[in-house]
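Comments concern the structure below.
Throughout, a chain's letter reflects where its sequence line sits, starting with A, and its residues are numbered from 1.
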Amino acid sequence: MIHVAAAGDLHVGPETAGTYRAHLTGLAAHADVFLVAGDLTRHGTVEEGRVAAGELRDVGVPVVAVLGNHDYHSDAEDEIADVLRDAGVTVLEGDGTVLDCGGTRLGIAGGKGFGGGFEGRCASDFGEPEMKAFVGHTKDFAGRLRTALLDLDADMIVSLTHYAPAEGTLEGEPPEIYPFLGSYLLGEAIDASGADLAIHGHAHKGTEKGLTSGGVRVRNVALPVIQHAYALYRLDVPEGRVEGTAPRLGTITPNHIRSHT
Amino acid sequence: MTGRERDMTEPPEYLSAHIQERVAAEAHELGIRVDVSGDVVRLRGEVVSEEQRREVEATARDAAGGREISNELHVVAVTEPDGEERLS
């Protein structure tokens, strides 16, 4: 089994430096890994990135993070990612990583993601270049997410994004802004890969628990939603999936994987 | 100027949208609900710190054209979790 700690939307800044970290002292006793679902900063400045790096440095378990829209606000996302990496944080941007958690291989793939909306009420790759760029950004990312998830050679697979892959965890947000909170294209990539869990943030007024259309569990770990410094999830390797040996797809086909995959 | 231009702080929907825009651009809070009713601007939502709560209020006040601000923003209390969800 794997114990996952996860949080998103930390929104740290120099004036609050050290406050968040003070709540992470017990994390290593309860979790094998800490997943951070984006929006580590408020304005996306390198200075805030350094504060975020300080909060996440040496927490006692591997930290895997993605950036959020706030972290892009000052066009310093690359520098923020570098500052985080210097502090030992793995920053995913459409790629993946595999961690050994006591003999069980945990594969995590992810990145910021983007919006567009959900089935039946979403933006289309049509019309003005601005609209195509909007939808194209999500499509590009969803393609990379799918490939990164499928490429993971691991026992358990977790998707980590800032934007939401499903509508269920947005409940509480005004439906009119769903297209700015996530996209079904992310959920489709997650379903295609047979992931075990999808973590996201971004939707402060949403709810914690949901499912993708294909039945993968989704958890919105934005701090205002989980109301704690992080949420804890225990993942048990399903019976029939042999830890450390079997390739995940092919030998076991969870019933939620769609036929077209 | 044609003389037709009007002060668009009325109807209040435009003002609340403009305040929301300023709060997003300057205080970097995207999820704040802003309702203008008469001379009162009501702010609702959740922020992560007391500093942020004050900054959103100050930004809204600056954009509110002298209206009273009712700051109903809630600071999220961040504590260590008290349990683990088992997913299997």
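- Here the closest non-hydrogen pair linking A:Q227 and B:E46 is NE2-OE2, 3.4 Å.
- Contacts between A:L197 and chain B at a heavy-atom distance below 4.5 Å involve the side chain alone, from C-beta outward.
- Considering every non-hydrogen atom in both B:V78 and A:A229, the closest pair reads CG1-CA, 3.2 Å.
- Only the side chain of A:H70 comes within contact range of chain B, with at least one heavy atom under 4.5 Å from a heavy atom of that chain.
- Across B:S49 and A:T16, no two heavy atoms sit closer than the pair CB-CG2, 3.8 Å.
- For the set A:G26, A:A22, A:P224, A:G13, the entry with the most heavy-atom pairs within less than 4.5 Å of chain B is A:P224.
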Which is it for B:E84 and A:H30 under the side chain to side chain donor-acceptor pair (under 3.5 Å) test, yes or no, and what are the steps along the way? CA-CA 9 Å; B:E84 178 184 60; A:H30 298 110; over 6 Å; no
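- Taking every heavy atom of both residues into account, A:T25 and B:E80 meet most closely at OG1-OE2, 3.2 Å.
- One finds the CD atom of B:E85 at 4.0 Å from the CZ atom of A:R219 (value rounded to the nearest 0.5 Å).
- For the atom pair A:K205 NZ and B:I32 CD1, the distance stands at 7.0 Å (nearest 0.5 Å).
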Residue pair A:Y233, B:R86: steps toward the side-chain contact (heavy atoms from CB on, under 4.5 Å) verdict: CA-CA 6 Å; A:Y233 305 110; B:R86 186 174 171 176; over 6 Å; no
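- Looking at A:I226, there are no atoms closer than 4.5 Å to chain B (heavy atoms on both sides), in backbone or side chain.
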Applying salt bridge (charged side-chain N to carboxylate O under 4.0 Å, His left out), run through A:R42 and B:E55 and close with a yes or a no. CA-CA 12 Å; A:R42 292 173 51 205; B:E55 185 175 341; 2.6 Å; yes
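- A donor and an acceptor atom, one from each side chain of B:Q52 and A:H11, are nowhere located under 3.5 Å apart.
- Across B:L30 and A:N69, no two heavy atoms sit closer than the pair CD1-ND2, 3.4 Å.
- Within a 6.0 Å sphere centred on CD of B:E21, heavy atoms belonging to other residues, nucleotides or ligands number 12 at most.
- The neighbour count for B:E51 CD, taken as heavy atoms of other residues, nucleotides or ligands under 6.0 Å away, is above 12.
- Side chains of A:H204 and B:V76 form no contact here, defined as non-hydrogen atoms less than 4.5 Å apart.
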